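None of these values were measured; they are calculated from a predicted model. The first residue of the sequence shown is numbered 1, and numbering continues consecutively from there.
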Amino acid sequence: QVQLVESGGGLVQPGGSLRLSCAASGSIFSSMGWYRQAPGKQREMVAIVTSGRSTAYTDSVKGRFNISRDNAKNMVYLQMNSLKPEDTAVYYCNARRQLGSGGYVNYWGQGTQVTVSS
């Protein structure tokens with residue numbers, strides 16, 4: 001069975017930094033990433049990294065956030081710098097596994113709250 005365990009969320013002042021971590025069980029995933037959902041808004045992709053370490057970011061976090069993964073440990077990280085109040089949201093870890101049929105399965109963590117406030 002696959003489980004994703006997140007850590008690193010909390011309260012931080014504007015301009016500060018946090019690092020989110022996600023530990024995954026099972027084999028290597030084709031991609032892992034972070035999504036977030038703020039009150040009254042839809043869930044959005046924040047950053048994704050593939051097993052080959054290609055990355056993609058939503059425009060609002062480019063230059064401020066960095067995603068990385070450790071394939072040997074099956075972990076993914078999100079370094080968040082220069083945090084803004086609008087970054088406040090619940091952040092979810094995501095992992096995607098390819099199937100032999102060509103399809104895929106997505107797995108999700110329970111989420112961790114990030115609050116940016118003075």
Side-chain angles (χ1 to χ4, degrees):
Q1 62 185 62
V2 173
Q3 289 186 313
L4 305 180
V5 181
E6 301 147 327
S7 62
L11 175 65
V12 65
Q13 295 186 131
S17 298
L18 284 174
R19 189 178 81 153
L20 305 183
S21 299
C22 176
S25 62
S27 60
I28 299 297
F29 299 94
S30 60
S31 68
M32 300 183 74
W34 293 91
Y35 292 69
R36 68 185 180 187
Q37 186 168 23
K41 299 182 67 177
Q42 296 185 187
R43 185 177 299 189
E44 66 171 343
M45 185 273 288
V46 178
I48 294 173
V49 59
T50 70
S51 59
R53 292 185 169 82
S54 296
T55 60
Y57 299 88
T58 190
D59 287 343
S60 63
V61 308
K62 288 180 179 177
R64 299 190 297 120
F65 291 10
N66 181 257
I67 188 169
S68 61
R69 69 186 289 175
D70 185 333
N71 289 336
K73 296 181 178 180
N74 230 5
M75 296 188 70
V76 63
Y77 308 91
L78 184 68
Q79 179 66 46
M80 304 186 293
N81 301 316
S82 301
L83 283 161
K84 304 174 181 180
E86 50 263 46
D87 294 318
T88 296
V90 177
Y91 285 70
Y92 298 90
C93 181
N94 168 265
R96 181 174 178 173
R97 174 171 288 168
Q98 293 289 142
L99 304 177
S101 63
Y104 60 88
V105 177
N106 280 311
Y107 302 94
W108 297 92
Q110 290 299 116
T112 184
Q113 178 70 47
V114 172
T115 302
V116 185
S117 176
S118 299

With a 3.5 Å distance limit and no angle check, can you tell me whether Arg69 reaches the backbone of Thr50 through a side-chain donor-acceptor pair? yes
Is there a path from Ile48 to Leu78 through hydrophobic residues (I, L, V, M, F, W, Y) whose side chains come within less than 4.5 Å of each other? no
Contacts of type salt bridge (Lys or Arg N to Asp or Glu O under 4.0 Å), residue Arg36, not counting sequence neighbours: Glu44, Asp87
Common cluster, Met45/Val90, ILVMFWY with side-chain heavy-atom separation under 4.5 Å: yes
For Thr115, side chain to side chain donor-acceptor pair (under 3.5 Å) partners two or more places apart: Gln113
Evaluate the side-chain proximity of Val49 to Ser68: yes if any heavy-atom separation is below 4.5 Å, no if none is. no
So OG of Ser60 and NZ of Lys84: to nearest 0.5 Å the spacing works out to 8.0 Å
Roughly how far apart are Met75 CE and Cys22 SG, rounded to 0.5 Å? 7.5 Å
Side-chain heavy atoms of Asn66 within contact of Tyr57, under 4.5 Å: yes
side-chain contact (heavy atoms from CB on, under 4.5 Å) assessment of Leu11 paired with Ser117: CA-CA 7 Å; Leu11 175 65; Ser117 176; 4.2 Å; yes
Using the rule that two of Ile, Leu, Val, Met, Phe, Trp, Tyr join whenever any of their side-chain heavy atoms come within less than 4.5 Å, decide whether Met32 and Ile67 are in one cluster. yes
How long is the straight-line distance from CZ of Phe65 back to CG of Leu18, given to the nearest 0.5 Å? 9.0 Å
Which value, rounded to the nearest 0.5 Å, describes the distance between Tyr107 atom OH and Arg97 atom CZ? 5.0 Å
Check whether any side-chain N or O of Ser25 sits under 3.5 Å from a backbone N or O of Gln3 as a donor-acceptor pair, and report yes or no. yes
Parallel, tilted or perpendicular: which one describes the rings of Tyr35 and Trp108, with boundaries at 30° and 60°? perpendicular
Within a radius of less than 6.0 Å around CD of Gln13, do more than 12 heavy atoms belonging to other residues, nucleotides or ligands occur? no
Pairwise side-chain contact, Tyr91 with Glu6, heavy-atom cut-off 4.5 Å (strictly under): no
Hydrophobic cluster membership, with links at side-chain heavy-atom distances under 4.5 Å among I/L/V/M/F/W/Y: are Ile28 and Leu99 in one? no
Separation of Tyr92 OH from Gln110 CD (nearest 0.5 Å): 8.5 Å
Let me see the working for Val76 and Trp34 under side-chain contact (heavy atoms from CB on, under 4.5 Å), right down to the final yes or no. CA-CA 9 Å; Val76 63; Trp34 293 91; 4.0 Å; yes
Audit row: Val105, Val2, side-chain contact (heavy atoms from CB on, under 4.5 Å) steps and yes/no: CA-CA 11 Å; Val105 177; Val2 173; over 6 Å; no
Hydrophobic cluster identity match, Val46 and Val116, side-chain contacts under 4.5 Å: yes
Between CG of Asn94 and OG of Ser31, what distance do you get to the nearest 0.5 Å? 6.0 Å
With sequence neighbours excluded, what pairs up with Asp70 under the side chain to side chain donor-acceptor pair (under 3.5 Å) test? none
